[in-house]
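Below you'll find the structure, written out as structure tokens, and then a few comments.
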There are 2 protein chains.
Amino acid sequence: MSKQAASLPVIDLTADTPCCPPLAQRRVPAETAAVLAPAFKALGDPVRLQLMSMIASAEGGEACVCDLTPAFDLTGPTISHHLKTLREAGLVDAERRGTWVYYRARPAILRQLAALLTVEPAAAA
Amino acid sequence: MSKQAASLPVIDLTADTPCCPPLAQRRVPAETAAVLAPAFKALGDPVRLQLMSMIASAEGGEACVCDLTPAFDLTGPTISHHLKTLREAGLVDAERRGTWVYYRARPAILRQLAALLTVEPAAAA
DNA sequence: TCTCTGATTCGACGGACGTCAAGACAGGCG
DNA sequence: CGCCTGTCTTGACGTCCGTCGAATCAGAGA
């Protein structure tokens, strides 16, 4: 899914307006599923889930690769690969400032994913 | 039948009490990531995302495999395989009634995943 | 009991994924 | 300029994933 944005029906994941009602409310159309599934897939790895959390919860809203890498028993290239996956899924943004590269979360898509998974508190009681 | 908990550090995904603060609020520990990542991974396929939605949004809260299968251009065994994946991820429950098998969503884990992805409306503006 | 239908399991195949070592690129500093 | 540090890309390897056809299992009904 490296070229996920290249030829798929585009849904603007950066928009602040939610594109989709909750998954449990209306059946998710195939095009929506094709666009959002890669984002869930990107979160479907323990390392990437932790990376995402470290970035999103970092002070100032951004985290340096140099702080991320030593938190795992993995090589630099592997962490870089996971960060690229998160980037291509639209979950984070990267910016180089001098020697270091900083990653920043994209809250809009996180909100969309959360909205999709939302279930009414009493819906299943 | 959810064997997903076979050898992992157990977090009770069926509990109604949320186990985790939002991903953007506190760094997700490795054990939590190891438990929740498989659930995201299970949703990381367009077919399973649609299956999940069809089940969760079905009237009566449950859907028959016989209604699910013809909605895709896939063979029965393939759909069955995807349903098994959702089952092992703890996202759905299956029950056989006579000839047919019915699937039902597990709202508790959906709520946990949604809670994990929650970001404060103004937190990142 | 035998058969028919619905659903799952088994075995196999091609492709994608996670990981690493080695090399390339970018920017700061003598 | 040349070196050093930090990050990314490349190429490779083994494993897991999505899909199918064929076989198997579970109930219903004649």
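Lettering of chains follows the sequences in order, A, B, ..., and the numbering in each one begins at 1.
Salt-bridge formation is not detected for the pair B:Lys41/A:Asp45: no Lys NZ or Arg NE/NH1/NH2 atom is positioned less than 4.0 Å from an Asp or Glu carboxylate oxygen. Between A:Glu62 and A:Arg97 there is a salt bridge, with a side-chain nitrogen of the basic residue lying less than 4.0 Å from a carboxylate oxygen of the acidic one.
Taking atom CD1 of residue A:Ile79 and atom P of nucleotide D:dG6, one finds them 16 Å apart after rounding to whole Å. In this structure, the CZ atom of B:Arg87 is 10 Å from the C1' atom of C:dA7, given to the nearest Å. At whole-Å resolution of the value, CZ in B:Phe72 and C1' in D:dT19 are 14 Å apart. At whole-Å resolution of the value, CG in A:Leu83 and P in D:dT7 are 10 Å apart. As a whole-Å value, the separation of A:Lys41 NZ from C:dA16 C1' is 7 Å. Here C:dG27 presents its P atom at 14 Å from OH of A:Tyr102, a figure rounded to the nearest Å. Rounding to whole angstrom units, CG of residue A:Leu43 and P of C:dG18 are separated by 12 Å. If you measure from atom CD of A:Glu88 to atom C1' of C:dA16, you get 13 Å, rounded to the nearest angstrom.
Minimum heavy-atom separation, A:Ser57 to B:Leu23: CB-O, 3.9 Å. For B:Ala33 against B:Pro38, the heavy-atom pair with the smallest separation is O-CD, 4.2 Å.
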- Derivation and outcome, salt bridge (Lys or Arg N to Asp or Glu O under 4.0 Å), residues B:Asp93 and B:Arg106: CA-CA 7 Å; B:Asp93 255 338; B:Arg106 287 172 163 261; 3.1 Å; yes
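Nearest nucleotide to the A:Arg48 side chain, out of C:dT8, C:dG18, D:dT7: C:dG18.
Put simply, B:Lys84 has no side-chain N or O that comes within less than 4.0 Å of OP1 or OP2 on C:dA7.
The closest donor-acceptor contact from the side chain of A:Ser80 to the backbone of A:Gly76 lies at 3.5 Å or more, if one exists at all. Between the A:Thr69 side chain and the A:Val65 main chain, a donor and an acceptor come within less than 3.5 Å of each other. A:Ser53 places a side-chain N or O within 3.5 Å of a backbone atom of B:Arg26 that can act as its donor or acceptor partner. Between the side chain of A:Arg27 and the main chain of B:Ala56, no donor-acceptor pair closer than 3.5 Å is present.
Rounding to the nearest 0.5 angstrom, the gap separating the CD atom in A:Glu95 from the OH atom in A:Tyr103 is 11.5 Å.
Within residues 50-63 of chain B, no residue has any heavy atom closer than 4.0 Å to DNA chain C.
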Using atom names, set out every protein N or O paired with an N or O of nucleotides 19-21 of chain C below 3.5 Å, distance rounded to 0.1 Å.
{"unit_1": "C:dT19", "atom_1": "OP2", "unit_2": "A:His82", "atom_2": "NE2", "d": "2.3"}
{"unit_1": "C:dC20", "atom_1": "OP2", "unit_2": "A:Thr75", "atom_2": "N", "d": "3.1"}
{"unit_1": "C:dC20", "atom_1": "OP2", "unit_2": "A:Thr75", "atom_2": "OG1", "d": "3.3"}
{"unit_1": "C:dC20", "atom_1": "OP2", "unit_2": "A:Thr78", "atom_2": "OG1", "d": "2.8"}

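Using modelled atom types, one finds no donor on one side chain facing an acceptor on the other under 3.5 Å when comparing B:Tyr102 with B:Arg96.
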- Expected string for nucleotides 25-30 of chain D under the B/S/- scheme (protein heavy atoms, under 4.0 Å, primed atoms plus P, OP1, OP2 as sugar-phosphate) is -SSS--
